[in-house]
Amino acid sequence: MNRSPDLGVLLRPRPASPLVEVEDERFARHGVRLLVKRDDLVHPELPGNKWRKLAPNLRAAVEGGFPGVVTFGGAYSNHLRATAAAGRLLGMETVGIVRGDELADRPLNASLARCAADGMRLCFVTRSQYRRKAEPQERARLLAQARAGSSYVVPEGGSNALALEGCAELGRELRGVSDVVAVACGTGGTLAGLAAGLGPGQRALGVPVLAGEFLGAEIRSLQEAAFGGPAGDWSLAEGFHHGGYARVPARLEAFAADFEERHGFAVERVYVAKLLWALATLTESGAFPAGTAVTAVVTGRP
């Protein structure tokens, strides 16, 4: 009898990522403790939420006998890079449907070049097609265009019901550790699963990195699909996107560089810098009462 590969062995995750307390006067002077969950160290090639979201989906693809995995992302998508790396580690075909057909005739940027080097076949589609990818008929056309109709489909950002189960494990690792557990949000899957895994009296706080107040509905929909309804105590801290996705203005860059110098680890700019900025700002404004312990989840590295 054939046995499915043990993804835990093949992809070599750590059993739990490190948790460290950070001494920072911007928090300490308000009586707030800051802890950092170094989920960027959970796996050497699939850091943080990428491992947690992809692992259960990869298991489903392997056990379902699918010939490969197809997923979606923009030109600088960390999710595409992680999926390509996972495919290389597992010897599984990966296809990336990339937003922007104008990119097809240009040299690949560093992110897409890494995907290609890891064996991902890239299919560039128009932005209007990409926006409609959730519509069943348009999705079928996109998969046919990418010659990936029989592949296992992972959504943009990796957020689906299986991914939430993986992210709930992150919450379980942090039960009883702090009052608030905060994470930067793109598609909302990590927050949705994290909240479900936390214990009584703990609250999950999401910091959206994209402009537009659409994420709450997405998180509720994801939790409905994964858990049958609302799960855990969570909220969103809006207004810290700094102009939109991948926007890193000078003041955010300076803040991130200062945090790196103070605490000795690299700060990813698109997600993690915005999370840490938000927590420092909220602490300064009195959003966390004295005595509050806050954990910042570092979901990726530069």
Side-chain angles (χ1 to χ4, degrees), residues 2-14 39-126 129-130 133 139-160 162-163 166 186-187 189 246 268 270-271 299-302:
N2 291 331
R3 298 182 63 187
S4 298
D6 185 339
L7 300 185
V9 172
L10 289 175
L11 297 180
R12 304 185 305 279
R14 297 176 63 118
D39 233 32
D40 56 320
L41 302 178
V42 75
H43 188 279
E45 296 189 70
L46 307 177
N49 59 352
K50 302 310 175 192
W51 159 254
R52 296 185 187 275
K53 289 180 176 182
L54 277 173
N57 277 286
L58 291 168
R59 185 176 299 280
V62 170
E63 294 179 348
F66 288 87
V69 170
V70 58
T71 193
F72 306 82
Y76 294 92
S77 168
N78 290 329
H79 169 67
L80 285 182
R81 285 195 300 178
T83 303
R88 171 174 52 77
L89 292 170
L90 287 171
M92 176 180 286
E93 179 186 61
T94 58
V95 179
I97 296 178
V98 185
R99 180 179 61 245
D101 62 333
E102 73 279 4
L103 301 173
D105 298 323
R106 299 178 186 174
L108 297 178
N109 64 32
S111 183
L112 293 178
R114 182 68 260 171
C115 291
D118 280 336
M120 176 173 275
R121 182 159 50 81
L122 302 173
C123 177
F124 298 91
V125 302
T126 67
Q129 282 181 293
Y130 193 90
K133 64 185 179 301
R139 173 164 291 198
R141 280 193 287 269
L142 287 171
L143 294 178
Q145 183 177 335
R147 305 192 312 280
S150 61
S151 295
Y152 182 91
V153 180
V154 177
E156 181 179 31
S159 292
N160 59 9
L162 284 176
T187 55
E268 187 272 337
V270 176
Y271 289 88
T299 49
R301 52 179 177 260

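Source: prediction; values computed, not measured. Just so it is clear, the values below take in all heavy atoms, side chains as well, and ignore hydrogens, waters and symmetry mates.
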**Q** State whether the side chain of Y130 and the backbone N or O of F124 hold a donor-acceptor pair below 3.5 Å, judged by distance alone.
**A**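 No; judged by distance alone, with no hydrogens or angles, the pair does not exist.
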**Q** Which heavy atom of A86 sits nearest a heavy atom of L58, and at what distance?
**A**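 A86 and L58 have their closest heavy atoms at CB-CD1, 3.6 Å.
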**Q** What distance separates R114 CZ from R88 CZ, expressed to the nearest 0.5 Å?
**A**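 Answer for the CZ-CZ pair, R114 versus R88, is 6.0 Å.
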**Q** Out of curiosity, L122 CG to L103 CG, how far, rounded to the nearest 0.5 Å?
**A**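 Going from CG on L122 over to CG on L103, the span is 10.0 Å.
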**Q** Does the side chain of T187 come within less than 4.5 Å of K53's, by heavy atoms?
**A**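 In short, these two side chains touch, coming nearer than 4.5 Å.
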**Q** What's the separation between atom CG in D118 and atom CD in E45, rounded to the nearest 0.5 Å?
**A**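 So the gap between those two atoms works out to 7.0 Å.
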**Q** For the residue pair E93 and S151, what are the closest heavy atoms and their distance?
**A**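 Closest heavy-atom pair between E93 and S151: OE1-OG, 4.3 Å.
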**Q** Checking N78 against R81: is there a side-chain donor and acceptor pair closer than 3.5 Å?
**A**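 Yes, side-chain donor-acceptor contact under 3.5 Å.
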**Q** Can you tell me which residue among V153, V70, V125 is in a side-chain contact (heavy atoms from CB on, under 4.5 Å) with L142?
**A**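 That would be V125; it is the only one of V153, V70, V125 passing the side-chain contact (heavy atoms from CB on, under 4.5 Å) with L142.
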**Q** Identify the two heavy atoms, one from M120 and one from V95, that lie closest to each other, and give their separation to 0.1 Å.
**A**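 Taking every non-hydrogen atom into account, CG-C, 4.1 Å.
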**Q** Mark yes or no for whether R139, through its side chain, and K133, through its backbone, hold a donor-acceptor pair below 3.5 Å.
**A**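 Side chain of R139 to backbone of K133: a pair is present.
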**Q** How far does CG of N49 sit from NE2 of H79, to the nearest 0.5 angstrom?
**A**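 Going from the CG atom of N49 to the NE2 atom of H79 covers 10.5 Å.
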**Q** Can you give me the closest heavy-atom contact between V270 and A246, atom names plus distance?
**A**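 Shortest heavy-atom contact: CG1-N, 3.9 Å.
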**Q** Okay, side chain of N109, backbone of L112: is any donor-acceptor separation there less than 3.5 Å?
**A**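 Confirmed, N109 side chain pairs with L112 backbone.
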**Q** Nearest 0.5 angstrom please: S77 OG to R99 CZ, how far?
**A**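 Between atom OG of S77 and atom CZ of R99 there are 8.5 Å.
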**Q** Heavy atoms only: give me the nearest W51-L46 pair and the separation to one decimal.
**A**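 That closest heavy-atom pairing would be CB-O, 3.1 Å.
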**Q** Side-chain contact, heavy-atom cut-off 4.5 Å: Q129 with D101?
**A**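 No, too far: nothing below the 4.5 Å cut-off.
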**Q** Atom CG of L54 and atom OG1 of T71: how far apart are they, to the nearest 0.5 Å?
**A**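 So the CG of L54 and the OG1 of T71 are separated by 7.5 Å.
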**Q** For P155 and N160, work out which heavy atoms get closest and say how close.
**A**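 Closest heavy-atom pair between P155 and N160: CD-ND2, 3.6 Å.
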**Q** Begin from the C-alpha positions of V154 and T83 and carry the test side chain to side chain contact (heavy atoms under 4.5 Å, CB included) through to its verdict.
**A** CA-CA 9 Å; V154 177; T83 303; 5.6 Å; no
